[in-house]
2 protein chains.
Amino acid sequence: MDNYLDSFFGAISDPTRRAVIERLVHGPAPVSELHAPHDIALPSFLKHLKVLEAAGLVRSIKVGRVRTVHLEAAPLAKAEHWLERQRRIWEGRTDRLAALAEALERQDKPKG
Amino acid sequence: MDNYLDSFFGAISDPTRRAVIERLVHGPAPVSELHAPHDIALPSFLKHLKVLEAAGLVRSIKVGRVRTVHLEAAPLAKAEHWLERQRRIWEGRTDRLAALAEALERQDKPKG
DNA sequence: TGTTTAGTTAGCCACATGGATAACTATCTT
DNA sequence: AAGATAGTTATCCATGTGGCTAACTAAACA
């Protein structure tokens, strides 16, 4: 589960790869079409696709000589949930400012 | 905006750093307390804190000799929104299976 | 004042990452 | 069969990342 989020967040921390995701939410596309808007060599681009596929964010099928790539939505949702969970806990702390003040206070008199 | 998500997602793609976040949603804490559960040297751990701070996920104040670190919630929310937006678009495509079939179909007869 | 404590800075290292080119396979198209 | 198209594989390179130790500064304590 830990490893899962590692590779997921790692995958979407790159602008090229996020752009691919942003394209794929609208529907599947062949490699060459995905590659077109990016000003990098095809092999470099293929590496990005492999990162996405390794992270489980994307899958692909090759028919004839073209490989069609499509999004796998579940991972997106899971990551969103991790963020949501953290936010919820954070929002639950209505005493945030108090907590900070308290923490700083604790520093002044570590002996209690 | 692009760069922003880069550093944010990069920051939370590491398990040590996610653990720090998971701790900080419960309230601020000094460096040494954050470091304690992690089996790595302090300087290595400090690098992680710097990554989090550079990504704007965290801020810190030093009082006396102890530095207290606290979470900055806004970035969490923004990242969550990016994911949410993608999911929404994806979910909007009720014709997903049709789209895939169509994409594969297009491969069979590229000439139209 | 001397000693701990909390954090910081500097420098080193191995490995991962994102880019490139060259050369190749496989599948259409003509 | 020849040529174009779509992708793949291999190899290389610079830079970034995550870890380490050693040595340091600046508070608090005793």
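Throughout, protein chains are lettered first and strands after them, A, B, ... in sequence-line order, and every chain is numbered starting at 1.
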Notebook entry, point to check: Salt bridge between Glu22(A) and Arg85(B), side-chain N to carboxylate O under 4.0 Å?
Noted result: no
Next item on the list: Taking only the side-chain heavy atoms of Val66(B) (C-beta and beyond), determine which of dG7(C), dG18(D), dG7(D) contains the nearest atom.
Entry: dG7(C)
Notebook entry, point to check: Does His48(A) place a side-chain N or O at less than 4.0 Å from the phosphate oxygens OP1/OP2 of dG19(C)?
Noted result: yes
Note to self: By nearest atom, which of the nucleotides dA6(D), dT21(D), dT9(C) is closest to the Arg65(A) side chain?
What the structure shows: dA6(D)
Next item on the list: Report yes if a side-chain nitrogen or oxygen of Lys50(B) is closer than 4.0 Å to either non-bridging phosphate oxygen (OP1 or OP2) of dT9(C); otherwise report no.
Entry: yes
Notebook entry, point to check: OP1 or OP2 of dC20(D) sitting under 4.0 Å from any side-chain N/O of Ser44(B)?
Noted result: yes
Check: Please give, in whole Å, the distance from dG19(D) C1' to Leu46(B) CG?
Finding: 13 Å
Check: The side chain of Lys47(B) lies closest to which of these nucleotides: dG7(D), dA22(C), dG11(C)?
Finding: dG11(C)
Item checked: Side chains of Trp90(B) and Leu76(A) in contact at under 4.5 Å (non-hydrogen atoms) -> no
Next item on the list: Go through the N and O atoms of the side chain of Ser32(B) and the base of dA6(C), and report whether any donor-acceptor pair is under 3.5 Å.
Entry: no
Notebook entry, point to check: What is the distance from CZ of Arg67(A) to C1' of dT9(D), rounded to the nearest Å?
Noted result: 13 Å
Note to self: Between P on dG18(C) and CG on Leu49(A), what's the gap in Å once rounded to a whole number?
What the structure shows: 13 Å
Check: What nucleotide among dG18(D), dG18(C), dG7(C) has an atom nearest to a side-chain atom of Arg17(A)?
Finding: dG18(C)
Notebook entry, point to check: Between dC20(D), dT8(D), dG18(D), which nucleotide gets closest to the side-chain atoms of Asp14(B)?
Noted result: dG18(D)
Next item on the list: Report the residue (Gly10(A) or Pro43(A)) whose heavy-atom-nearest nucleotide on DNA chain C is the more 5′ of the two.
Entry: Gly10(A)
Check: What's the CG-P distance between Asp39(B) and dG19(D), to the nearest Å?
Finding: 11 Å
Next item on the list: Take the protein atom CG of Leu34(B) and the nucleotide atom P of dA6(C), then report the distance between them rounded to whole Å.
Entry: 13 Å
Check: How long is the line joining CG of Leu42(B) and P of dA6(C), in whole Å?
Finding: 10 Å
Notebook entry, point to check: Should the pair Trp82(B) and Phe9(B) be assigned to parallel (<30°), tilted (30 to 60°) or perpendicular (>60°) ring geometry?
Noted result: perpendicular
Next item on the list: With side-chain contact (heavy atoms from CB on, under 4.5 Å) as the test, would you mind laying out the steps for Leu57(B) and Arg17(B) before giving the verdict?
Entry: CA-CA 10 Å; Leu57(B) 258 162; Arg17(B) 294 193 292 256; over 6 Å; no
Next item on the list: Go through dG7(D), dT8(C), dA20(C) for me and flag the one nearest to the Ile40(A) side chain.
Entry: dA20(C)
Next item on the list: Report the distance from atom NE2 of His35(B) to atom P of dG7(C), rounded to the nearest whole Å.
Entry: 10 Å
Notebook entry, point to check: How close or far is atom P of dT8(C) from atom CZ of Phe45(B), stated in whole angstroms?
Noted result: 11 Å
Margin query: Given Glu80(B), which partner from the list His81(A), Gln86(A), Arg87(A) fulfils the side chain to side chain donor-acceptor pair (under 3.5 Å) test?
Written below: Arg87(A)
